[in-house]
2 protein chains.
Amino acid sequence: MSAPAINRAPETLLTPGQVAALFHVDPKTVTRWAHAGRLGSLRTPGGHRRFRESEVLQLLASLTTEAVRR
Amino acid sequence: MSAPAINRAPETLLTPGQVAALFHVDPKTVTRWAHAGRLGSLRTPGGHRRFRESEVLQLLASLTTEAVRR
DNA sequence: ATCCAATGGGGTAATTAGGGGC
DNA sequence: GGTGTCCTAATTACCCCATTGG
């Protein structure tokens, strides 16, 4: 790979509060998911968590069920 | 903010208890509706359900019968 | 350096899920 | 056929305060 090891990741990161708003849960719950390994987490040097928008949206979509139309 | 997507809440989500309060039924009944496919269900990684407010309101309206003015 | 809002960690109460039977 | 209530187990919500982020 001639590509540099460090890809400048234009990956949009979300705060626990943002993820919590998407699922309508408490930010602490999102932290619990990360701790349980259900969600990949990026840690800041201070210990705060950041989540990948793409991963969160994919998880959200995979857990969404449409109502049957009749 | 060049971050698209999550800036604004896509839709307001309701808990089973909230939906049950709107219909004056037991939360268990709302769960049955979701299981029957009458209501779109959004599951949290923990297994709890969340419902779209717009969808619930639409269902509520569709089940509402108004008296005919004559 | 200060400000303010949000996050983390711990612990406890409330809600939810699932099955079973009326 | 559909709903309310019983049970237990799991998940989530809210409380505190110290620290982090911008």
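Every residue was checked against the salt bridge (charged side-chain N to carboxylate O under 4.0 Å, His left out) condition with A:R50, not counting sequence neighbours, and none meets it. Every residue two or more places apart in sequence or in another chain was checked for a side-chain contact (heavy atoms from CB on, under 4.5 Å) with A:Q58, and none qualifies.
Heavy-atom distances under 4.0 Å link DNA chain D to no residue of residues 55-64 of chain B.
Sorted by first and then second residue, the pairs that involve residues 51-63 of chain B and meet salt bridge (Lys or Arg N to Asp or Glu O under 4.0 Å), not counting sequence neighbours, are B:E11-B:R52.
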Donor-acceptor pairs are to be reported for all side-chain atoms of residues 36-46 of chain B against protein atoms at under 3.5 Å, with residues two or more places apart or in another chain.
residue : atom : partner : partner atom : Å
B:R43   : NE   : B:G47   : O            : 3.4
B:R43   : NH2  : B:G47   : O            : 3.2
B:T44   : OG1  : B:G46   : N            : 3.4
B:T44   : OG1  : B:G47   : N            : 3.4
B:T44   : OG1  : B:H48   : N            : 3.1
B:T44   : OG1  : B:H48   : O            : 3.4

Indicate every side-chain donor-acceptor pair of residues 23-35 of chain B with a distance under 3.5 Å to a residue at least two apart or in another chain.
residue : atom : partner : partner atom : Å
B:D26   : OD2  : B:K28   : N            : 3.1
B:T31   : OG1  : B:P27   : O            : 3.2

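Between A:R43 atom CZ and C:dG8 atom P the separation is 7 Å, expressed in whole Å. Going from atom CG of A:L13 over to atom P of C:dT7 covers 14 Å, rounded to whole Å.
Under the 4.5 Å side-chain heavy-atom criterion for Ile, Leu, Val, Met, Phe, Trp and Tyr, A:L63 and A:L14 are members of the same hydrophobic cluster.
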- [ ] Do nucleotides 11-22 of chain D as a string where each nucleotide becomes B, S or -: B if the base has a protein heavy atom under 4.0 Å, S if just the sugar-phosphate does, - if no protein is that close.
- [x] BBBSB----BS-

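Under a 4.5 Å side-chain heavy-atom criterion applied to ILVMFWY residues, the cluster that includes B:V68 comprises that residue alone.
Remark: of the listed residues B:L59, B:L22, B:V56, B:V56 is the sole one forming a side chain to side chain contact (heavy atoms under 4.5 Å, CB included) with B:F51.
Rounded to 10°, the angle separating the first-five-pair axis and the last-five-pair axis of the helix from C:dC3-D:dG22 to C:dG19-D:dC6 equals 60°.
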